[in-house]
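Any value given below was found using the heavy atoms of this structure, including those in side chains, with hydrogens, waters and symmetry copies removed. Note that this is a predicted model, so its numbers are computed, not measured. Just follow the structure's listing: the first ligand is 1, and inside any ligand the first atom is 1.
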Amino acid sequence: MQFENTREFAQELDQKDELRAYKDQFLFPKVEGKEVIYFAGNSLGLQPKNTQKYVDEVMKDWADLAVEGHFYAEKPWWDYHERLAIPLSKIVGAKPQEITVMNTLTVNLHLLMVSFYRPQGKRYKIICEEKAFPSDQYLLQSQVRFHGYEHTDAIVEIKKREGEHNFRTQDILDTIEEVGDECALLLIGGVNYYTGQVFDMKAITEAGHAVGAMVGWDLAHAAGNIKLELHNWNVDFASWCSYKYMNSGPGNASGCFIHERFHGQKNINRFEGWWGTSKETRFLMKPEFEPMNNADAWQLSNAPILALAPYLASLELFDTVGMDSLIKKRNLMVSFLTYVLKEIAVESDSDFEIITPSSQKDRGTQLSVFLHGEGRKIFDYLMKNGVITDWREPNVIRLAPAPFYCSYEDMFEFGQILKKAILESRSKKV
Ligand SMILES: *Cc1c(COP(=O)(O)O)cnc(C)c1O
């Protein structure tokens with residue numbers, strides 16, 4: 001498609017957009033009375049308008065039924081979390097029984113490592129990407145320390161090449177082969193939080209298994225953003241937060257995938273609690289743990305219903321629209337945004353650089369723009385003028401236009417504001 005950087009052209013794209021009505025189903029912050037252009041869906045997704053209703057329903061059931069709500073609420077609380085498994089399984093490409101929802105992301109990765117990081121003899125190393133999301137670095141360092149290793153020895157980081165912004169798949173595969181039978185676990189972010197690069201999860205999972213390692217993925221930036229096929233890729237386990245692309249609210253519950261080949265095992269290493277035991281006998285309060293024959297065996301506590309309600313509201317929207325439609329719009333939107341950025345770079349004689357891979361299969365919704373020069377000032381100008389983006393040191397602005405609630409006109413408008421920001425910051429300098 002031949003793009004044009006004009007308002008009319010953007011409006012035309014909006015008119016043809018089959019998902020355009022969904023923008024109206026989300027609540028936008030306002031700056032000076034005007035709804036913002038929201039490009040921070042990779043950090044905290046917007047609130048769907050129907051979320052309040054789901055939360056109110058739980059509050060009302062609690063008021064009207066109190067303890068009886070566990071079994072007699074409209075959506076009974078004791079198995080409320082199961083309602084999330086079917087829509088989530090479609091989003092991440094899993095069987096519903098491979099999905100559970102509990103805790104938060106870092107907590108879940110720790111719990112999953114209890115089962116899937118079992119260092120023994122010379123097989124004790126973990127491979128991850130360099131400059132992983134800090135929580136993942138702390139997670140891995142504390143885990144290897146817990147098992148009595150030095151992180152400088154036990155953690156092997158996949159490196160980028162000098163002067164390059166993204167990882168090369170071949171370099172990742174080579175690292176896996178080099179570490180070979182010393183590798184106990186691969187744990188990588190499926191979409192890099194800084195650059196938006198999408199990893200070849202299928203090939204990497206295969207390579208990890210070929211050397212006898214377990215393979216887990218942190219899907220914080222992948223779930224609800226890119227096409228996933230966790231079951232078919234044979235991934236051992238994965239986890240994601242729900243407040244980024246999944247619009248479930250700040251700090252909200254996390255989803256987990258555990259491949260079915262690990263289900264129904266009594267002797268697997270796992271930290272356990274009463275919500276992981278068989279539903280049939282749970283309330284007999286027996287001393288023996290009888291694991292659920294699915295991913296719910298990893299559940300510990302009774303579920304936080306007030307947190308699950310917004311997640312369920314959001315998943316029902318995902319289920320109505322489907323990942324394929326979202327991805328179709330995402331691809332066109334990100335191509336258009338790339339075009340707008342390049343036009344603005346020329347018009348404003350700027351040398352900012354998109355560090356996200358340019359090919360569609362290697363990126364999702366996020367574009368990371370490296371600003372050489374007046375970085376932080378431009379970010380501040382955007383914020384003041386109603387464009388919410390995300391700033392990362394030393395000089396990167398991350399733009400993540402979520403297909404649910406961003407329009408093509410947003411992209412055009414953003415370009416105009418960005419141009420003003422650049423010209424203004426320059427005129428102040430001289
Ligand atoms: C956002 C994010 C987290 C945050 O985890 P919480 O435990 O939910 O705070 C962890 N890892 C990655 C890669 C993330 O992007």
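- Side-chain polar atoms of W217 and T205 form a donor-acceptor pair below 3.5 angstrom.
- Applying the 4.0 Å criterion to heavy atoms of H221 picks out, from ligand 1, the atoms 15 (O).
- Of the N or O atoms in T104, none lie within a sub-3.5 Å distance of an N or O in ligand 1.
- Proximity to D136 (heavy-atom distance under 4.0 Å) selects the following atoms of ligand 1: 10 (C), 11 (N), 12 (C), 13 (C).
- Close approach of ligand 1 to A220 is summarised as follows: ligand atoms under 4.0 Å from at least one heavy atom of the residue are 2 (C), 12 (C), 13 (C), 14 (C), 15 (O).
- The nearest protein atom to atom 13 (C) of ligand 1, hydrogens excluded, is given as D218 OD2, 3.2 Å; this is a heavy-atom distance.
- Residue contacts with ligand 1, taken as heavy atom pairs separated by less than 4.0 Å, involve L105 via backbone and side-chain atoms alike.
- Checked by atom type, the side-chain pair E353/H165 shows a donor-acceptor distance below 3.5 Å.
- Backbone and side-chain nitrogen or oxygen atoms of Y243 are examined, and one is located within less than 3.5 angstrom of a nitrogen or oxygen of ligand 1.
- Among protein heavy atoms, the minimum distance from atom 3 (C) of ligand 1 is reached at F133 CE2, 3.4 Å.
- Checked for salt-bridge contact, K122 and E182 miss the test: no charged N lies under 4.0 Å from a carboxylate O.
- Between D171 and R161 there is a salt bridge, since at least one side-chain N of the basic residue sits less than 4.0 Å from a carboxylate O of the acidic one.
- Nearest protein heavy-atom neighbour of atom 1 (C) of ligand 1: K244 NZ, 1.4 Å.
- Atom numbering of ligand 1 starts at 1 in the shown order; those under 4.0 Å from a heavy atom of T106 are 5 (O), 6 (P), 7 (O).
- Salt bridge status for K49 with D24: present, with a side-chain N to carboxylate O gap under 4.0 Å.
- Here Y194 and F133 keep their ring centres 6.0 angstrom or further from each other.
- Residues Y149 and H151 place their aromatic rings such that the two centres sit no closer than 6.0 Å.
- Among the atoms of Y193, none of the N or O lies under 3.5 angstrom from an N or O of ligand 1.
- Ion pairing of D380 with R376 is present here, as a side-chain N (NZ or NE/NH1/NH2) and a carboxylate O approach within less than 4.0 Å.
- Neither the backbone nor the side chain of V107 has any atom closer than 4.0 Å to an atom of ligand 1 (non-hydrogen atoms only).
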